[in-house]
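Here's the structure, in structure tokens; my notes come after.
In each ligand, atom 1 is the first atom listed, and ligand 1 is the first ligand listed.
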Amino acid sequence: MKPTIVIAFSGLILAGCAGKEEFAPAPGASGPEIFQAACAECHEPKEHGKYFELTKEKANVSAIADKVAKGGFFMPSFPNITGKSLEALSEYVLSNSKVE
Ligand code: HEC
């Protein structure tokens, strides 16, 4: 392996995340529009027709917004989805989640 590849790879492990997604929503885009453009490739509706199964702790707009902003181990972060767009998207995700 070339040293640069090793460094890039260990950076990903240290950060513990899947990197940044540069997607930026169009001004005024609705929650469903943003979801289709940025999220639907990975998140498909489940058998019950909802996209997510969220625990009570995670089933609120701020927890969802936090997930989008920070990402996860396998999910990229979306630093360019902010403000009203992030709020609209998070509300859409919440209304399309099954709360456990
Ligand atoms: C590249 C694939 C990918 C994309 C794009 C993606 N996600 Fe995810 N998402 C995941 C994976 C994998 C997980 C679970 C593991 C993790 O947290 O990293 C996840 C987890 C989540 C969770 C937490 C669910 C739970 O059970 O706690 C939410 C909420 C979420 N994603 C919302 C979104 C939204 C909103 C978008 C669009 C802005 C999005 N995701 C884009 C792959 C993706």
Side-chain angles (χ1 to χ4, degrees):
M1 240 190 246
K2 288 181 186 156
T4 47
I5 296 173
V6 175
I7 291 163
F9 191 62
S10 54
L12 193 65
I13 292 178
L14 284 176
C17 72
K20 275 188 195 164
E21 173 56 64
E22 296 301 330
F23 170 85
S30 69
E33 282 165 355
I34 299 169
F35 192 88
Q36 284 309 316
C39 321
E41 64 179 282
C42 293
H43 295 291
E44 292 184 337
K46 301 186 193 294
E47 317 78 77
H48 45 66
K50 306 276 191 186
Y51 284 98
F52 300 94
E53 283 161 9
L54 299 176
T55 56
K56 284 201 187 72
E57 296 77 51
K58 289 181 183 169
N60 61 77
V61 167
S62 70
I64 295 167
D66 201 54
K67 181 75 187 175
V68 173
K70 294 185 184 147
F73 197 83
F74 294 108
M75 178 172 148
S77 59
F78 289 83
N80 298 327
I81 304 179
T82 56
K84 288 238 178 313
S85 304
L86 183 56
E87 207 176 299
L89 173 67
S90 303
E91 277 163 10
Y92 176 74
V93 167
L94 184 60
S95 61
N96 284 281
S97 295
K98 192 176 169 204
V99 180
E100 294 173 326

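Contacts with ligand 1 closer than 4.0 Å are made by side-chain heavy atoms of Leu89 only, the backbone lying farther away. Heavy atoms from both the backbone and the side chain of Phe74 come within less than 4.0 Å of ligand 1. Contacts between Phe23 and ligand 1 below 4.0 angstrom, taking non-hydrogen atoms only, are absent altogether. When non-hydrogen atoms are compared, ligand 1 lies under 4.0 Å from the side chain of Pro76 (C-beta onward) but not from its backbone. Under 4.0 angstrom from ligand 1, the non-hydrogen atoms of Leu54 all belong to its side chain. When non-hydrogen atoms are compared, ligand 1 lies under 4.0 Å from the backbone of Met75 as well as from its side chain.
Heavy-atom proximity to atom 34 (C) of ligand 1, evaluated over Gly72, Cys39, Ala40, is greatest for Cys39.
Nearest to atom 4 (C) of ligand 1 among the protein's heavy atoms is Cys42 SG, 3.3 Å.
At least one heavy atom of Glu53 lies less than 4.0 angstrom from ligand 1.
Heavy-atom minimum distance, Ile64 versus Lys58: CG1-O, 3.9 Å. When all heavy atoms of Pro76 and Glu21 are compared, the pair lying nearest together is CB-CB, 3.9 Å.
Atoms of ligand 1 found under 4.0 Å from any heavy atom of Lys67 (numbered from 1 in listed order, with element): 16 (C), 17 (O), 18 (O), 20 (C), 21 (C), 22 (C), 23 (C), 28 (C). With ligand atoms numbered from 1 in the order given, ligand 1 contributes 35 (C) to contacts under 4.0 Å with heavy atoms of Val93. Residue Lys58 has at least one heavy-atom neighbour below 4.0 Å for each of these atoms of ligand 1: 27 (O).
Using a 4.5 Å heavy-atom cutoff, the side chains of Cys39 and Leu89 are in contact. Side-chain contact between Met75 and His43 is present, with heavy atoms from C-beta onward closer than 4.5 Å.
Using bins of under 30°, 30° to 60° and over 60° for the plane-to-plane angle, the ring pair Tyr51/Tyr92 lands in the tilted bin.
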